[in-house]
Amino acid sequence: MSVNITMPALSPTMEHGTIVKWLVKEGDTVSSGDVIAEIETDKATMEVEAVDEGKIGKIVVPEGTENVAVNSVIAILLQEGETATDAKPPEAAAKPAVSPAKPAPQAPKPVAATPEAKPIAAPAAVPRLNGATRIFASPLARRLAAESKIDLAALTGSGPHGRIVKRDIDKSLKDGVPSSASGAPALAKGMSRAEVMALYPEGSYELVPNDGMRRIVAQRLSEAKQTIPHFYLTLDCRIDALMQAREEINASAHKGEDGKPAFRISVNDFVIKGWAMALHNVPKANATWAGDAILYHQHSDIGVAVAVPGGLFTPVVHQADAKPLRQISEEMKDYATRARTRRLAPHEYQGGTSAVSNLGMYGIKHFAAVINPPHGTLLAVGAGEERPYAEKGEVKIGQFMAATLSCDHRSVDGALGAEVLAEFKKIIENPVLMLA
(Lines give C-alpha, C1' and ligand atoms only; values in the text may rest on other atoms or scores of the structure.)
Protein backbone atom coordinates (compact mmCIF):
# COMPACT_ATOMS: atom_id res chain seq x y z
CA MET A 1 0.00 0.00 0.00
CA SER A 2 1.34 3.45 -0.92
CA VAL A 3 2.70 5.69 1.86
CA ASN A 4 1.82 9.35 2.29
CA ILE A 5 4.80 11.67 2.82
CA THR A 6 3.55 14.59 4.89
CA MET A 7 4.83 18.06 5.75
CA PRO A 8 6.89 17.49 8.93
CA ALA A 9 6.82 19.71 12.00
CA LEU A 10 10.44 20.85 12.13
CA SER A 11 10.03 22.96 15.27
CA PRO A 12 7.62 22.97 18.23
CA THR A 13 5.77 26.06 16.95
CA MET A 14 5.76 25.26 13.22
CA GLU A 15 2.29 25.28 11.65
CA HIS A 16 3.18 25.80 7.98
CA GLY A 17 6.23 25.45 5.76
CA THR A 18 7.46 26.18 2.25
CA ILE A 19 8.66 23.50 -0.18
CA VAL A 20 11.89 25.18 -1.28
CA LYS A 21 13.21 22.37 -3.45
CA TRP A 22 12.52 18.74 -4.27
CA LEU A 23 15.73 16.71 -4.42
CA VAL A 24 13.95 13.75 -6.02
CA LYS A 25 11.56 13.41 -8.92
CA GLU A 26 8.67 11.10 -9.68
CA GLY A 27 9.96 7.61 -10.41
CA ASP A 28 13.07 7.90 -8.23
CA THR A 29 13.76 5.12 -5.74
CA VAL A 30 14.59 6.22 -2.20
CA SER A 31 15.69 4.50 0.98
CA SER A 32 15.08 5.39 4.60
CA GLY A 33 17.35 8.31 5.51
CA ASP A 34 17.71 9.68 1.97
CA VAL A 35 17.29 13.46 1.74
CA ILE A 36 14.28 14.12 -0.47
CA ALA A 37 13.42 17.81 -0.04
CA GLU A 38 14.38 21.16 1.45
CA ILE A 39 11.70 22.76 3.66
CA GLU A 40 11.74 26.38 4.84
CA THR A 41 10.27 27.10 8.25
CA ASP A 42 9.89 30.59 9.70
CA LYS A 43 13.68 30.97 9.99
CA ALA A 44 15.52 27.94 8.68
CA THR A 45 15.80 25.86 5.55
CA MET A 46 16.12 22.23 6.60
CA GLU A 47 16.56 18.93 4.80
CA VAL A 48 13.82 16.32 5.06
CA GLU A 49 14.66 12.62 4.98
CA ALA A 50 12.57 9.69 3.78
CA VAL A 51 11.39 7.47 6.61
CA ASP A 52 10.46 4.51 4.35
CA GLU A 53 11.90 2.99 1.23
CA GLY A 54 10.08 2.87 -2.07
CA LYS A 55 9.54 4.79 -5.30
CA ILE A 56 8.31 8.39 -5.54
CA GLY A 57 4.94 7.86 -7.23
CA LYS A 58 3.64 11.41 -7.16
CA ILE A 59 4.81 14.82 -5.96
CA VAL A 60 1.59 16.38 -4.69
CA VAL A 61 2.90 19.81 -3.70
CA PRO A 62 5.32 21.43 -6.17
CA GLU A 63 8.45 23.21 -5.03
CA GLY A 64 7.98 26.90 -4.33
CA THR A 65 4.60 26.35 -2.67
CA GLU A 66 4.20 28.42 0.48
CA ASN A 67 2.11 27.95 3.63
CA VAL A 68 1.79 24.18 3.36
CA ALA A 69 0.13 22.98 6.55
CA VAL A 70 1.98 20.59 8.84
CA ASN A 71 0.85 16.95 8.35
CA SER A 72 -0.66 17.66 4.91
CA VAL A 73 0.37 15.20 2.17
CA ILE A 74 3.18 16.52 -0.03
CA ALA A 75 4.14 13.33 -1.92
CA ILE A 76 3.18 9.66 -2.38
CA LEU A 77 5.67 6.82 -1.92
CA LEU A 78 4.93 3.60 -3.78
CA GLN A 79 5.77 0.23 -2.28
CA GLU A 80 7.13 -2.78 -4.14
CA GLY A 81 4.78 -3.94 -6.91
CA GLU A 82 2.78 -0.70 -7.05
CA THR A 83 2.55 1.53 -10.11
CA ALA A 84 1.94 5.23 -10.67
CA THR A 85 -1.82 4.57 -10.90
CA ASP A 86 -1.73 3.60 -7.23
CA ALA A 87 -0.48 7.06 -6.26
CA LYS A 88 -3.81 8.68 -5.47
CA PRO A 89 -3.47 11.45 -2.89
CA PRO A 90 -6.41 12.38 -0.68
CA GLU A 91 -8.58 15.07 -2.25
CA ALA A 92 -7.64 17.60 0.43
CA ALA A 93 -3.96 16.93 -0.01
CA ALA A 94 -4.08 17.58 -3.75
CA LYS A 95 -4.74 21.25 -3.11
CA PRO A 96 -1.85 23.07 -1.40
CA ALA A 97 -2.75 25.66 1.18
CA VAL A 98 -1.32 28.47 -0.99
CA SER A 99 -0.04 28.11 -4.50
CA PRO A 100 3.18 29.88 -5.58
CA ALA A 101 1.23 32.53 -7.45
CA LYS A 102 -2.25 33.00 -6.05
CA PRO A 103 -4.77 35.58 -7.29
CA ALA A 104 -5.81 38.40 -4.99
CA PRO A 105 -8.57 37.10 -2.70
CA GLN A 106 -12.08 38.52 -2.94
CA ALA A 107 -13.78 39.87 0.13
CA PRO A 108 -15.87 37.12 1.75
CA LYS A 109 -19.62 37.45 1.66
CA PRO A 110 -21.41 37.24 5.01
CA VAL A 111 -23.06 33.85 5.33
CA ALA A 112 -25.18 32.67 8.23
CA ALA A 113 -23.75 29.78 10.19
CA THR A 114 -25.37 26.45 9.38
CA PRO A 115 -27.73 25.00 12.01
CA GLU A 116 -25.51 21.95 12.32
CA ALA A 117 -22.49 24.07 13.26
CA LYS A 118 -22.92 24.03 17.01
CA PRO A 119 -20.18 26.00 18.71
CA ILE A 120 -17.67 23.88 20.55
CA ALA A 121 -15.84 25.37 23.46
CA ALA A 122 -12.35 26.35 22.37
CA PRO A 123 -9.60 24.29 23.95
CA ALA A 124 -7.41 25.84 26.56
CA ALA A 125 -4.98 28.02 24.68
CA VAL A 126 -1.41 26.80 24.79
CA PRO A 127 0.54 29.23 27.00
CA ARG A 128 3.86 30.69 25.91
CA LEU A 129 6.55 32.06 28.16
CA ASN A 130 5.84 35.70 27.33
CA GLY A 131 2.18 35.40 28.29
CA ALA A 132 0.87 35.14 24.71
CA THR A 133 -1.28 32.21 23.63
CA ARG A 134 -1.50 30.04 20.55
CA ILE A 135 -4.81 30.24 18.70
CA PHE A 136 -5.93 27.21 16.70
CA ALA A 137 -7.39 28.23 13.33
CA SER A 138 -7.35 26.94 9.77
CA PRO A 139 -5.07 28.72 7.25
CA LEU A 140 -8.15 29.98 5.35
CA ALA A 141 -9.70 31.35 8.54
CA ARG A 142 -6.48 33.16 9.41
CA ARG A 143 -6.31 34.76 5.96
CA LEU A 144 -9.95 35.86 5.99
CA ALA A 145 -9.57 37.22 9.53
CA ALA A 146 -6.51 39.25 8.51
CA GLU A 147 -8.30 40.68 5.47
CA SER A 148 -11.33 41.65 7.54
CA LYS A 149 -9.25 42.85 10.53
CA ILE A 150 -10.87 40.34 12.90
CA ASP A 151 -9.15 39.41 16.14
CA LEU A 152 -9.06 35.59 16.22
CA ALA A 153 -8.69 35.67 20.00
CA ALA A 154 -12.21 37.08 20.20
CA LEU A 155 -13.81 34.10 18.41
CA THR A 156 -15.00 30.70 19.58
CA GLY A 157 -14.14 27.94 17.10
CA SER A 158 -16.79 25.54 15.81
CA GLY A 159 -14.37 23.22 14.01
CA PRO A 160 -12.84 20.00 15.31
CA HIS A 161 -11.49 20.43 18.86
CA GLY A 162 -12.54 24.08 18.88
CA ARG A 163 -10.51 25.07 15.81
CA ILE A 164 -11.59 28.37 14.20
CA VAL A 165 -12.76 27.73 10.62
CA LYS A 166 -14.23 29.74 7.75
CA ARG A 167 -17.82 29.57 8.99
CA ASP A 168 -16.74 31.23 12.25
CA ILE A 169 -15.29 34.15 10.28
CA ASP A 170 -18.47 34.37 8.18
CA LYS A 171 -20.60 34.38 11.32
CA SER A 172 -18.54 37.13 12.92
CA LEU A 173 -18.95 39.28 9.79
CA LYS A 174 -22.70 38.78 9.92
CA ASP A 175 -23.29 39.09 13.68
CA GLY A 176 -20.39 41.33 14.66
CA VAL A 177 -17.16 40.41 16.37
CA PRO A 178 -17.60 39.61 20.09
CA SER A 179 -15.31 41.16 22.66
CA SER A 180 -12.09 39.29 23.36
CA ALA A 181 -12.60 36.44 25.80
CA SER A 182 -9.26 37.15 27.41
CA GLY A 183 -10.12 40.75 28.15
CA ALA A 184 -6.79 41.81 26.67
CA PRO A 185 -6.77 44.36 23.84
CA ALA A 186 -5.86 43.03 20.42
CA LEU A 187 -2.44 43.98 19.12
CA ALA A 188 -2.60 47.06 16.93
CA LYS A 189 -2.65 46.24 13.24
CA GLY A 190 -0.65 48.23 10.71
CA MET A 191 -1.86 49.44 7.34
CA SER A 192 -2.68 46.79 4.76
CA ARG A 193 -0.62 46.35 1.61
CA ALA A 194 -3.35 47.96 -0.49
CA GLU A 195 -3.58 50.96 1.85
CA VAL A 196 0.18 51.52 1.72
CA MET A 197 0.41 51.07 -2.07
CA ALA A 198 -2.38 53.61 -2.56
CA LEU A 199 -0.09 56.31 -1.12
CA TYR A 200 2.51 55.99 -3.89
CA PRO A 201 2.32 56.33 -7.70
CA GLU A 202 2.15 53.04 -9.53
CA GLY A 203 5.54 52.10 -10.95
CA SER A 204 7.50 54.17 -8.42
CA TYR A 205 8.45 51.16 -6.27
CA GLU A 206 9.40 47.50 -6.41
CA LEU A 207 7.04 45.18 -4.54
CA VAL A 208 8.85 42.28 -2.82
CA PRO A 209 6.61 39.93 -0.80
CA ASN A 210 7.87 39.15 2.69
CA ASP A 211 9.27 35.68 3.23
CA GLY A 212 8.64 33.58 6.32
CA MET A 213 11.60 35.00 8.23
CA ARG A 214 10.63 38.64 7.71
CA ARG A 215 7.01 37.91 8.66
CA ILE A 216 8.04 36.19 11.90
CA VAL A 217 10.54 38.93 12.79
CA ALA A 218 7.85 41.58 12.25
CA GLN A 219 5.29 39.61 14.24
CA ARG A 220 7.54 38.89 17.22
CA LEU A 221 9.04 42.38 17.51
CA SER A 222 5.63 44.04 17.14
CA GLU A 223 4.44 41.75 19.92
CA ALA A 224 7.51 42.63 22.00
CA LYS A 225 7.03 46.40 21.76
CA GLN A 226 3.29 46.19 22.43
CA THR A 227 3.37 43.72 25.32
CA ILE A 228 6.75 44.18 27.05
CA PRO A 229 7.19 47.34 29.16
CA HIS A 230 10.72 48.26 28.06
CA PHE A 231 13.06 50.59 29.88
CA TYR A 232 16.70 51.34 29.07
CA LEU A 233 19.92 51.86 31.04
CA THR A 234 23.20 53.09 29.50
CA LEU A 235 26.76 53.39 30.76
CA ASP A 236 30.25 53.58 29.26
CA CYS A 237 32.82 50.82 29.69
CA ARG A 238 36.53 51.54 29.42
CA ILE A 239 38.00 48.73 27.30
CA ASP A 240 41.76 49.47 27.21
CA ALA A 241 42.52 46.36 29.29
CA LEU A 242 40.16 44.25 27.19
CA MET A 243 41.81 45.30 23.92
CA GLN A 244 45.25 44.56 25.38
CA ALA A 245 44.14 41.14 26.61
CA ARG A 246 42.58 40.35 23.24
CA GLU A 247 45.78 41.27 21.41
CA GLU A 248 47.91 39.09 23.68
CA ILE A 249 45.54 36.11 23.49
CA ASN A 250 45.37 36.23 19.70
CA ALA A 251 49.15 36.61 19.43
CA SER A 252 49.56 33.41 21.45
CA ALA A 253 47.54 31.33 18.98
CA HIS A 254 49.74 28.81 17.19
CA LYS A 255 49.68 28.81 13.39
CA GLY A 256 48.81 25.85 11.23
CA GLU A 257 50.54 24.64 8.08
CA ASP A 258 48.57 27.21 6.08
CA GLY A 259 49.99 29.99 8.24
CA LYS A 260 46.60 30.89 9.74
CA PRO A 261 46.17 31.13 13.53
CA ALA A 262 44.24 28.35 15.23
CA PHE A 263 41.78 30.86 16.72
CA ARG A 264 40.98 34.55 16.88
CA ILE A 265 38.97 36.03 19.75
CA SER A 266 36.72 38.99 18.90
CA VAL A 267 35.53 41.83 21.11
CA ASN A 268 32.04 40.35 20.77
CA ASP A 269 33.28 37.08 22.30
CA PHE A 270 34.39 39.05 25.37
CA VAL A 271 30.99 40.80 25.47
CA ILE A 272 29.11 37.48 25.35
CA LYS A 273 31.27 35.99 28.10
CA GLY A 274 31.13 39.14 30.23
CA TRP A 275 27.36 39.46 29.97
CA ALA A 276 26.86 35.76 30.76
CA MET A 277 29.03 36.10 33.88
CA ALA A 278 27.19 39.25 34.97
CA LEU A 279 23.85 37.43 34.79
CA HIS A 280 25.33 34.49 36.69
CA ASN A 281 26.63 36.83 39.41
CA VAL A 282 23.28 38.68 39.64
CA PRO A 283 20.88 35.71 39.25
CA LYS A 284 17.69 37.71 39.90
CA ALA A 285 18.36 39.53 36.61
CA ASN A 286 18.65 36.24 34.70
CA ALA A 287 14.86 36.12 34.58
CA THR A 288 11.98 35.38 32.22
CA TRP A 289 8.43 36.65 32.67
CA ALA A 290 5.99 33.70 32.47
CA GLY A 291 2.57 35.26 33.00
CA ASP A 292 1.73 34.37 36.59
CA ALA A 293 5.33 33.49 37.52
CA ILE A 294 8.96 34.42 36.88
CA LEU A 295 11.60 31.90 35.81
CA TYR A 296 15.03 32.41 37.37
CA HIS A 297 17.57 30.55 35.25
CA GLN A 298 20.49 28.55 36.62
CA HIS A 299 22.72 29.22 33.61
CA SER A 300 23.26 32.11 31.20
CA ASP A 301 22.17 31.00 27.72
CA ILE A 302 23.02 34.02 25.56
CA GLY A 303 21.38 34.65 22.20
CA VAL A 304 23.54 36.63 19.78
CA ALA A 305 21.93 38.64 17.00
CA VAL A 306 23.35 37.67 13.58
CA ALA A 307 22.23 39.73 10.58
CA VAL A 308 21.39 37.73 7.44
CA PRO A 309 19.80 38.80 4.14
CA GLY A 310 16.12 39.45 4.80
CA GLY A 311 16.24 39.38 8.60
CA LEU A 312 18.23 38.03 11.50
CA PHE A 313 18.89 34.95 13.58
CA THR A 314 19.64 34.82 17.29
CA PRO A 315 21.63 31.60 17.80
CA VAL A 316 22.09 30.71 21.46
CA VAL A 317 25.42 30.04 23.20
CA HIS A 318 24.25 27.74 25.99
CA GLN A 319 25.85 28.04 29.44
CA ALA A 320 28.12 30.80 28.18
CA ASP A 321 28.97 31.70 31.77
CA ALA A 322 30.83 28.38 32.12
CA LYS A 323 32.55 28.28 28.70
CA PRO A 324 36.04 29.62 27.90
CA LEU A 325 36.42 32.46 25.40
CA ARG A 326 37.88 30.20 22.73
CA GLN A 327 34.90 27.82 22.83
CA ILE A 328 32.46 30.75 22.62
CA SER A 329 34.43 32.10 19.65
CA GLU A 330 34.36 28.77 17.80
CA GLU A 331 30.63 28.29 18.40
CA MET A 332 29.82 31.80 17.16
CA LYS A 333 31.88 31.37 13.97
CA ASP A 334 30.00 28.14 13.23
CA TYR A 335 26.61 29.70 14.03
CA ALA A 336 27.26 32.78 11.89
CA THR A 337 28.37 30.71 8.89
CA ARG A 338 25.32 28.44 9.01
CA ALA A 339 22.93 31.29 9.81
CA ARG A 340 23.81 33.06 6.56
CA THR A 341 22.74 29.97 4.60
CA ARG A 342 19.75 29.35 6.93
CA ARG A 343 21.13 26.00 8.05
CA LEU A 344 20.60 26.41 11.78
CA ALA A 345 18.42 23.82 13.51
CA PRO A 346 15.50 25.22 15.57
CA HIS A 347 17.03 24.17 18.90
CA GLU A 348 20.08 26.31 18.06
CA TYR A 349 18.16 29.60 17.87
CA GLN A 350 15.17 29.04 20.15
CA GLY A 351 15.16 29.72 23.87
CA GLY A 352 17.96 31.52 25.65
CA THR A 353 17.77 33.59 28.83
CA SER A 354 19.06 36.91 27.46
CA ALA A 355 20.70 38.25 24.31
CA VAL A 356 23.46 40.51 22.97
CA SER A 357 23.30 42.78 19.94
CA ASN A 358 26.49 44.44 18.68
CA LEU A 359 26.43 47.09 15.95
CA GLY A 360 29.89 48.37 16.73
CA MET A 361 31.30 46.94 13.51
CA TYR A 362 28.99 49.34 11.64
CA GLY A 363 30.33 52.34 13.53
CA ILE A 364 27.21 52.73 15.68
CA LYS A 365 28.14 54.35 18.99
CA HIS A 366 24.94 53.81 20.94
CA PHE A 367 21.53 52.21 20.40
CA ALA A 368 18.65 50.64 22.34
CA ALA A 369 17.47 47.22 21.13
CA VAL A 370 14.06 45.52 21.23
CA ILE A 371 13.85 42.57 23.63
CA ASN A 372 13.38 39.21 21.93
CA PRO A 373 10.53 37.37 23.75
CA PRO A 374 10.63 35.56 26.10
CA HIS A 375 13.93 37.11 27.24
CA GLY A 376 13.85 39.57 30.12
CA THR A 377 16.88 41.60 29.01
CA LEU A 378 18.95 42.47 25.96
CA LEU A 379 22.40 44.09 26.00
CA ALA A 380 23.24 46.41 23.07
CA VAL A 381 26.87 47.47 22.61
CA GLY A 382 28.32 50.06 20.27
CA ALA A 383 31.70 50.76 18.74
CA GLY A 384 34.79 51.27 20.83
CA GLU A 385 36.34 54.70 20.40
CA GLU A 386 39.03 56.87 21.92
CA ARG A 387 37.75 59.59 24.27
CA PRO A 388 39.33 62.04 26.68
CA TYR A 389 38.59 61.44 30.36
CA ALA A 390 39.66 62.97 33.65
CA GLU A 391 41.59 60.99 36.27
CA LYS A 392 42.98 62.57 39.45
CA GLY A 393 42.96 66.02 37.91
CA GLU A 394 44.64 64.92 34.68
CA VAL A 395 43.11 64.58 31.21
CA LYS A 396 43.88 61.24 29.62
CA ILE A 397 42.84 59.33 26.51
CA GLY A 398 41.18 55.93 26.74
CA GLN A 399 39.04 53.54 24.69
CA PHE A 400 35.38 53.41 25.66
CA MET A 401 32.34 51.40 24.57
CA ALA A 402 28.71 52.31 25.30
CA ALA A 403 26.48 49.52 26.63
CA THR A 404 22.69 49.89 26.77
CA LEU A 405 20.55 47.38 28.62
CA SER A 406 16.92 46.90 27.59
CA CYS A 407 14.87 45.46 30.47
CA ASP A 408 11.41 43.93 30.79
CA HIS A 409 10.11 45.90 33.77
CA ARG A 410 7.82 43.00 34.74
CA SER A 411 10.76 40.79 35.72
CA VAL A 412 13.75 43.15 35.98
CA ASP A 413 13.11 46.51 37.65
CA GLY A 414 15.32 49.59 37.56
CA ALA A 415 17.57 48.89 40.55
CA LEU A 416 18.13 45.27 39.48
CA GLY A 417 18.89 46.32 35.92
CA ALA A 418 21.39 48.90 37.17
CA GLU A 419 23.05 46.27 39.38
CA VAL A 420 23.57 43.71 36.61
CA LEU A 421 24.78 46.37 34.14
CA ALA A 422 27.30 47.62 36.72
CA GLU A 423 28.47 44.01 37.16
CA PHE A 424 28.98 43.75 33.39
CA LYS A 425 31.03 46.97 33.44
CA LYS A 426 33.25 45.58 36.23
CA ILE A 427 33.89 42.35 34.33
CA ILE A 428 34.46 43.94 30.92
CA GLU A 429 36.90 46.49 32.38
CA ASN A 430 38.79 43.70 34.19
CA PRO A 431 38.97 40.93 31.54
CA VAL A 432 41.22 38.82 33.76
CA LEU A 433 37.99 37.87 35.57
CA MET A 434 36.90 36.04 32.39
CA LEU A 435 40.10 34.01 32.28
CA ALA A 436 39.89 32.63 35.81
Are side-chain heavy atoms of [X] and [Y] found at a separation under 4.5 Å?
X      : Y      : result
Glu38  : Met46  : no
Ser357 : Leu378 : yes
Ile19  : Met7   : yes

Is a side-chain donor-acceptor pair under 3.5 Å present for His297 with Thr288? yes

Distance alone, cut at 3.5 Å: any donor-acceptor contact between the side chains of Ser158 and Asp168? yes

Donor-acceptor check, side chain of Ser406 to backbone of Tyr232, threshold 3.5 angstrom: yes or no? no

Does any N or O in the side chain of Ser329 come within less than 3.5 Å of the main-chain N or O of Leu325, such that one atom is a donor and the other an acceptor? no

When you check the gap from the basic side-chain N to the acidic O, do Glu15 and Arg142 get nearer than 4.0 Å? yes

If the threshold is 4.0 Å, N to carboxylate O, is there a salt bridge linking Lys425 and Asp236? no

Using every non-hydrogen atom in the two residues, find where Thr377 and Ser354 come nearest and quote the distance to one decimal. OG1-OG, 2.7 Å

Shortest non-hydrogen contact between Lys58 and Glu26, atoms and distance: CA-OE2, 3.5 Å

For the side-chain contact (heavy atoms from CB on, under 4.5 Å) test, which of Leu379, Val304, Ile302 pairs with Val271? Leu379

Rounded to the nearest 0.5 Å, how far does CG of Leu78 lie from CG of Asp52? 12.0 Å

Drop me the distance from Gln399's CD to Met401's CE, to the nearest 0.5 angstrom. 10.5 Å

Taking the ring of Tyr389 and the ring of Phe400, is the distance between their centroids below 6.0 Å? yes

